[in-house]
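Structure, as structure tokens:
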2 protein chains.
Amino acid sequence: MTELAEVSCLCGKSSSCVVHNKAVCQAASPEAMAQLGRISHVREFPWGSVIQAQAEPCTIVGNVVDGVVKLSSASINGDDHIVGLLFPSDFFGRLFSDESRFSYEAATDVTLCTMNRPAFERFLGDHPAVEHEMLKAKLDELDAVREWAAITNGHTTMERIATLIYVFAKRSRNQHLNNFDAVHPVVHLPLSRRDIADYLGTTPETLSRNIQTLSRTKVIRILDAKHFELLDANELIRQSGESRGDLDKIVSS
Amino acid sequence: MTELAEVSCLCGKSSSCVVHNKAVCQAASPEAMAQLGRISHVREFPWGSVIQAQAEPCTIVGNVVDGVVKLSSASINGDDHIVGLLFPSDFFGRLFSDESRFSYEAATDVTLCTMNRPAFERFLGDHPAVEHEMLKAKLDELDAVREWAAITNGHTTMERIATLIYVFAKRSRNQHLNNFDAVHPVVHLPLSRRDIADYLGTTPETLSRNIQTLSRTKVIRILDAKHFELLDANELIRQSGESRGDLDKIVSS
DNA sequence: CGCGCCCTTGATGTAGATCAATAGAAGTGG
DNA sequence: CCACTTCTATTGATCTACATCAAGGGCGCG
């Protein structure tokens with residue numbers, strides 16, 4: 001499943017720490033990292049498994065090492081919607097709350113670095129500098145979520161799809177699976193059409209039609225359902241209805 | 001403009017502190033409150049004025065004392081969308097960032113308790129307990145924003161409108177303008193139709209039609225464009241497509 | 001080989017946007 | 001205080017993007 005030779009986590013367990021938790025690693029001293037090492041465990045979750053159910057007591061937090069975790073909310077009438085996607089290096093779990101308002105599910109096979117929530121909360125209490133970084137990370141996340149909300153609200157389906165493909169393209173680059181700046185970078189969509197459609201507030205059918213349109217207009221070339229070659233990045237950006245700068249802000253959530 | 005005899009703010013300037021900032025007041029010691037008092041100022045902003053422009057250096061933070069502040073994002077093609085509303089006791093401003101990704105505008109005449117951002121950041125650095133409360137508040141806010149995103153995404157316009165009216169009804173109660181539990185509480189919508197429509201991702205026309213439908217079906221009675229009598233709260237909740245519990249979570253953002 | 005699961009493509013229906021007009025409300029100046 | 005402009009809210013008529021319903025088609029897996 002994983003393209004990484006070694007998994008790693010915010011605890012610094014792996015000597016070649018490919019995945020850092022941005023929030024935590026910046027501020028943690030060597031001793032602090034060692035302490036984290038003692039309370040954290042790397043765990044694998046197969047596709048579709050529930051990491052944390054909605055409205056259940058939440059006991060674990062941590063960060064994504066590999067794969068994609070979807071954050072979703074089920075309303076009373078049964079229809080649930082994806083409200084967020086977590087990629088490697090993203091923090092997951094709900095700190096300082098006994099129950100999670102959302103469910104965390106493995107959208108692909110995932111590798112997580114998990115920690116006992118109360119233990120990590122105690123750790124934060126002992127290390128205000130780390131808690132400070134956590135606050136900054138959450139403020140950035142808040143901006144990114146609002147930015148995304150603005151996109152899903154006011155834009156057409158095509159604009160949303162173009163935006164998401166751009167985000168995936170950049171994410172792929174971050175994971176060094178290919179070079180975004182290459183002539184024709186390959187974009188990998190790790191999720192099912194249903195999940196993507198759900199995240200975008202549309203249907204698999206409309207999503208499919210729009211992807212085919214992008215293919216017909218030579219913006220992308222479809223390799224298979226989950227891999228596209230990005231032929232015309234500028235046109236993709238134009239289709240998204242956002243400036244490149246704004247798009248990049250969403251990625252660096 | 002204000003129904004409150006005395007304005008007050010997180011600094012505790014007013015002896016009868018009606019409005020507290022939930023995040024800050026909980027954890028601040030008396031000395032800390034005094035220190036806040038020294039760096040904060042109550043300021044009034046007329047309707048429509050820009051408190052903090054998008055992409056401008058952000059210098060002030062604080063909390064809303066009276067009125068409603070809208071948080072909006074303008075995209076490249078000119079259409080801007082409201083991504084959040086701030087009510088009395090809500091914190092505004094972007095901490096730990098030199099520029100704001102959103103603009104803060106007075107949606108009504110507003111009274112704010114403002115502070116110099118760097119000064120408040122220094123204050124937080126000196127008082128980890130307060131910063132801890134700020135983190136918890138932001139985590140709650142993150143959940144609320146995601147919850148709202150799920151609503152605007154997957155639900156019909158009527159469901160969104162019913163949800164928002166419910167939120168305003170509860171907010172009104174919080175401000176003691178009326179009693180939500182009264183037989184027929186009066187709901188006050190302080191915003192223009194355009195702003196509400198924008199926040200809900202719809203148009204003033206459809207908003208108006210749906211409000212008239214709610215009136216025809218005796219869920220509300222329209223007093224004037226900005227004041228409704230809530231005749232059937234249960235039906236309103238049913239129309240929202242959410243459980244009452246979920247709705248209440250949105251309000252206590 | 002055949003069953004089941006996604007993805008795609010087609011045909012049809014509809015919620016809500018858009019266009020257009022009117023009616024109030026609120027402010028402005030004489 | 002009354003014309004006059006201006007802005008917002010409502011109502012009506014039409015149009016369209018997208019959901020929904022309904023088949024196929026490709027691919028993996030037992």
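Below, chain A is the first sequence line, B the second, and so on; all start at residue 1.
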hbond_proxy A:Arg209 side chain to D:dT20 base (donor-acceptor, 3.5 Å cutoff): yes
For atom CZ of A:Arg194 and atom P of C:dC7, their distance in whole Å: 9 Å
Candidates A:Arg94, A:Arg101, A:Lys138 - the one meeting salt bridge (charged side-chain N to carboxylate O under 4.0 Å, His left out) with B:Asp140: A:Arg94
Gap between atoms CH2 and P, on B:Trp47 and C:dA26 respectively (whole Å): 14 Å
Sequence neighbours excluded - ring pair (Phe, Tyr, Trp, His ring centres under 6.0 Å) pairs with any residue from residues 215-248 of chain A: A:His188-A:His227
Test ring pair (Phe, Tyr, Trp, His ring centres under 6.0 Å) applied to B:Phe87 and B:Phe168, step by step: CA-CA 10 Å; B:Phe87 295 89; B:Phe168 275 118; 5.8 Å; yes
Nearest-Å distance for atom pair CD/C1', residues B:Glu159 and C:dG16: 14 Å
Among C:dC7, D:dT10, C:dA17, the nucleotide that comes nearest once only the side chain of B:Gln212 is considered: D:dT10
Length of the CG-P vector between B:Leu207 and D:dA9, whole Å: 9 Å
Sugar-phosphate only, base, or nothing, as touched by B:Thr203 at under 4.0 Å among non-hydrogen atoms: base
Integer-rounded Å distance: D:dA9 C1' and B:Ile211 CD1: 10 Å
Listed nucleotide nearest any side-chain atom of A:Lys226, set C:dA17, C:dC7, D:dA9: C:dC7
Exercise: identify the closest heavy-atom pair between B:Cys58 and B:Ser100: SG-N, 3.8 Å
5'-to-3' dot-bracket of DNA chain C (Watson-Crick, G-U; under 3.5 angstrom; crossing pairs as [ ]; | other strand): |||||..|||||||||||||||||||||||
DNA chain D: 5'-proximal contact among B:Ala225 and A:Gly201 (nearest heavy atom): B:Ala225
Positive for side chain to side chain contact (heavy atoms under 4.5 Å, CB included) with A:Asn210, one of A:Ile165, A:Thr202, A:Ile161: A:Ile161
A:Lys249/A:Asp246 salt bridge by N-O under 4.0 Å criterion: yes
A:Thr206 side-chain N/O to D:dC18 phosphate OP1/OP2 under 4.0 Å: no
d(CG, B:Leu223; P, D:dA9) in whole Å: 16 Å
Considering all heavy atoms, the nearest B:Tyr199-B:Val83 contact: CE1-C, 4.0 Å
Sugar-phosphate only, base, or nothing, as touched by A:Glu205 at under 4.0 Å among non-hydrogen atoms: base
Distance, rounded to the nearest Å, where B:Ile161 contributes CD1 and D:dA9 contributes C1': 14 Å
Rounded interatomic separation in angstrom, taking NE2 from A:His155 and C1' from C:dA17: 16 Å
B:Ser208 side chain near D:dA9 phosphate (N/O to OP1/OP2, under 4.0 Å): no
